[in-house]
Every structure is written in C-alpha cells, then in structure tokens.
Protein chains: 2
Amino acid sequence: MSDSQKFPVAAHALAYLAHKEAFSPDRAVASAELAASVPTNPVVVRRVTAMLGKAGLIGARAGANGGAWLLKPAQDITLDTVLRAVHGCANLGTAPPGVKGCPVGARIPDAVRAALIAADAAAAERLSRISVADLLADPAEREAVLKSA
Amino acid sequence: MSDSQKFPVAAHALAYLAHKEAFSPDRAVASAELAASVPTNPVVVRRVTAMLGKAGLIGARAGANGGAWLLKPAQDITLDTVLRAVHGCANLGTAPPGVKGCPVGARIPDAVRAALIAADAAAAERLSRISVADLLADPAEREAVLKSA
DNA sequence: TATTACGTAATCGCTACCGATACAGTTCCT
DNA sequence: AGGAACTGTATCGGTAGCGATTACGTAATA
C-alpha cells in the first residue's frame, strides 16, 4: 500500500503533548510548535492531528491560542490505538491474486494473506503494550518496558 | 521506506515449489512457471528467487530444464526467514530525527524508533511460527496453526 | 551448435508521500 | 468591531520507489 510517516509523526506529537502537559484547552499546543519538534511541516502535523482528533485521542481548537491537547492520560494511550487512528499497518506487502486455474495454486494467496494479517496483528499487539507515557521514560526504564514479555 | 511485494511473491513462490515437490535439480521449476502462478513477470520472480538462493533456501540452475527447487523441507522453512531473505520488515515508517535543542524532545525519536523495532520484531516472531508447508494446508487446518498461541 | 533458462542491469510509467501555498472558518484579544 | 492567530482542507510540484519490460551475458542441456 503505502509508505507513510504518519505513525512516527503521530507518536512524536503525542509524546510532545504529554511532555508539555497539554491535557486541556488551556494548554493547547499549536501545530507549528509540534512541527518544529519533529521536525516537519505544520500542515503535515495538522493532517495527523486531525486523524488523532477523529479517533478521540486529542482535542483541538482553532483561533488564537488554539492548538491540540491530550484527552486522556499519556499512560492510557497505547500505540496500537495510535496506529489505527492514522490508518497504519505493518506493511509487508499485499498477497498477489494468483491464478484461478489450479485449485491449489489459487489457495496460496489466501494463505499468504492470512500470514500477512497474522503478522500485522502481532505488531499491533506489541504496540498495545507500549503507551505514550513510555516514550517519555528514561532509556533504561523504556528498555525494561519493551523487553517485558 | 518502501512498499514491496517481495515477501508475498517469495512466499507464494516457495509454496508453489513445495506443492510441485521441487526438492531437487531434477524437479526444477522455471521462473516463467512461477511467474504464471503469482501472477507477475518472470524477471520479478527471478529477482526474488535470487535473494532466496543467496539465503540458502532454494537452489537454482541455468540452462535447459533449469529452474529453482527447495533445499529444505517446506515445514522447515519459516516465514520470518523468508522475510529476512528478501530484506523485508514491518513497515510502520521511520522515526523522525527530532531537534537537538530540547533534551526531552530529542529523546523522543529514540523511543519511537525502539517502538518501531519492537513491532517489527513481534511481526517477525509471529511469522517464525508459520512455515511454507502451512501455506499449503487446508484453510481449516491453517486457521488452527495461525490461531495457536 | 542451438536451445533453454538464470542473473543482472537499464529503462519506463505509475503511484504515493512530503512539503509548500492558499483559503475559509473559528477563536481570542484589544 | 477589527485584527491576529490557528485549524482543517484542497491543491500542486518535486521526489522516491516499485513493478513491468527489454536486453544481454553466462551456463547447462540436448
């Protein structure tokens, strides 16, 4: 499908919001500030934050002193939720259609597809055990979280 | 990085070789035949089979009646080996560099990178529990294999 | 020797993404 | 009220990567 930086940008943005303690409209962070931290273009950030907003992970407000803020504590936002919010997936390719002639050969694509889905699910499951708060932890502490079975 | 169909094509090709019982030079399957089954171009198949050959998964021989064959029983070839053979990975994007100014903001990229690596490792681990032989099993049987923790 | 087939390089067309600009709508501040 | 700041979205250009194709040298068989 698609190479996309949406997930890394989303994760970075959420971690930044958590670090800024932006948990309310009073502490909204503008897309320009987030973009400066990534770094990337403010529009790229807004494209991502718009999706995060639709997923209910963050709030956003236009106007002066506007911006984005977290709607949930950082430790309650897991990365698999973030991945789904930006329509991401573990991109290992798409199973080819195969040919309809041979009954066995035609079955291979379904099997390959199932394997791709299983791998994607495993990646998502792994990400479900990492929270945005974990991204801000010390490297040593983070290591412990990532290593935990 | 890159969207690539290398892994699905490789998995399909190996399953096809297993189905054809191509376990020796006597049963070599030409790239044109593999390409017809995927379906894709013979050169695309040869690009993939060349990588699988370098990884020691298959043998290949040029000349008349040439082609590729498996070097190991299909149940001994796991899909994570195949993924590595074609230099594939779970593609969730690349962690942005961040800015060097803020000490905390600069640490986020490393954390995001670690999460991406963990997700990739989880996908590979899942694939390590699926063999080429599993791709040829009945859908019901395959379901059982994929579901097994 | 003629044929078949691999392995590799070069090229082409296509697609998707990022970055940038622009604009309408919204919100705050003076 | 008016201006400034900011979001969300549309659009465009540049770029990068991929699959498909053609081509060519090498190797193995008949």
Side-chain angles (χ1 to χ4, degrees), chain A residues 1-10 12-13 17 22 24-36 38-55 57-69 85-89 91-97, chain B residues 1-10 12-13 17 22 24-36 38-55 57-69 85-89 91-97:
Chain A
M1 277 285 202
S2 76
D3 260 357
S4 177
Q5 292 293 108
K6 283 189 176 65
F7 175 67
V9 169
H12 188 111
L17 290 179
S24 76
D26 300 341
R27 299 274 193 142
V29 177
S31 65
E33 182 175 346
L34 290 170
V38 170
T40 184
N41 192 281
V43 175
V44 173
V45 170
R46 289 204 293 271
R47 280 201 274 249
V48 169
T49 53
M51 302 182 86
L52 296 176
K54 282 170 185 164
L57 297 180
I58 64 175
R61 186 174 27 100
N65 288 22
W69 63 93
V86 298
H87 303 147
C89 66
N91 222 324
L92 297 167
T94 306
Chain B
M1 277 292 196
S2 75
D3 259 356
S4 177
Q5 292 292 109
K6 283 189 178 64
F7 174 67
V9 169
H12 188 111
L17 290 179
S24 77
D26 300 340
R27 298 274 192 144
V29 177
S31 65
E33 182 175 346
L34 289 170
V38 171
T40 184
N41 193 282
V43 174
V44 173
V45 170
R46 287 204 294 268
R47 279 201 277 251
V48 169
T49 53
M51 302 182 86
L52 296 176
K54 280 171 187 164
L57 298 180
I58 65 175
R61 187 177 27 112
N65 287 21
W69 65 92
V86 298
H87 301 147
C89 66
N91 219 325
L92 297 167
T94 307

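Order of the sequence lines sets the chain letters (A, B, ...), proteins ahead of strands, with each chain counted from 1.
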Trainee: Specify the separation, in whole Å, of atom CG of A:Asn91 and atom P of C:dT15.
Mentor: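 Taking atom P of C:dT15 as the reference, CG of A:Asn91 is at 17 Å.
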Trainee: Between atom CD in A:Glu33 and atom C1' in D:dT7, what is the gap in whole Å?
Mentor: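 Rounded to the whole Å, the gap is 15 Å.
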Trainee: Rounding to a whole Å, what distance do you find between A:Phe7:CZ and C:dC18:P?
Mentor: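 Roughly 14 Å, once rounded to whole Å.
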Trainee: Apply side-chain contact (heavy atoms from CB on, under 4.5 Å) to A:Ala28 and list each qualifying residue two or more places apart in sequence or on a separate chain.
Mentor: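 Listed in chain order: A:Arg61, A:Trp69.
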Trainee: With B:Ala50, which residues qualify under side-chain contact (heavy atoms from CB on, under 4.5 Å), at least two apart?
Mentor: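 side-chain contact (heavy atoms from CB on, under 4.5 Å) list for B:Ala50, sorted by chain: empty.
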Trainee: Minimum heavy-atom separation for B:Pro39 and B:Ala36, please, with both atom names.
Mentor: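 Answer, listing the atom of B:Pro39 first, then B:Ala36: CB-O, 3.7 Å.
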Trainee: Expressed as a whole number of angstroms, how long is the span from A:Gln5:CD to D:dA16:C1'?
Mentor: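 Going from A:Gln5 (CD) to D:dA16 (C1'), I get 13 Å.
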Trainee: In this structure, how many angstroms lie between the C1' atom of C:dC17 and the NE2 atom of A:His87, rounded?
Mentor: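 Distance check: A:His87 NE2 to C:dC17 C1' gives 17 Å.
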Trainee: What N/O pairs connect the protein and nucleotides 3-10 of chain C at under 3.5 Å? Give each pair on its own line.
Mentor:
residue: C:dT4; atom: O2; partner: B:Ala64; partner atom: N; Å: 3.0
residue: C:dA5; atom: O4'; partner: B:Gly63; partner atom: O; Å: 3.0
residue: C:dC6; atom: OP1; partner: B:Ser31; partner atom: N; Å: 2.5
residue: C:dC6; atom: OP2; partner: B:Ser31; partner atom: OG; Å: 2.6
residue: C:dG7; atom: N7; partner: B:Arg46; partner atom: NE; Å: 2.9
residue: C:dG7; atom: O6; partner: B:Arg46; partner atom: NH2; Å: 3.4
residue: C:dT8; atom: OP1; partner: B:Lys54; partner atom: NZ; Å: 3.4
residue: C:dA10; atom: N6; partner: B:Arg47; partner atom: NH1; Å: 3.4

Trainee: Could you tell me which residues satisfy side-chain contact (heavy atoms from CB on, under 4.5 Å) with A:Ala85, sequence neighbours excluded, listed by chain and number?
Mentor: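 A:Ala85 satisfies side-chain contact (heavy atoms from CB on, under 4.5 Å) with A:Leu52, A:Ala55, A:Leu57 only.
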Trainee: Going by side chain to side chain donor-acceptor pair (under 3.5 Å), name the residues that satisfy it together with B:Ser31, two or more places apart in sequence or in a different chain.
Mentor: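 Applying side chain to side chain donor-acceptor pair (under 3.5 Å) to B:Ser31 gives B:Arg46.
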Trainee: Any side-chain N or O of B:Asn41 below 4.0 angstrom from OP1/OP2 of D:dG19?
Mentor: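 Result: no.
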Trainee: Who pairs with B:Ala62 by side-chain contact (heavy atoms from CB on, under 4.5 Å), at least two apart in sequence or on another chain?
Mentor: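 Result, side-chain contact (heavy atoms from CB on, under 4.5 Å) vs B:Ala62: none returned.
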Trainee: If I take atom CE in residue A:Met51 and atom P in nucleotide D:dT7, what distance separates them, rounded to the nearest angstrom?
Mentor: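 Computing the A:Met51:CE to D:dT7:P distance gives 17 Å.
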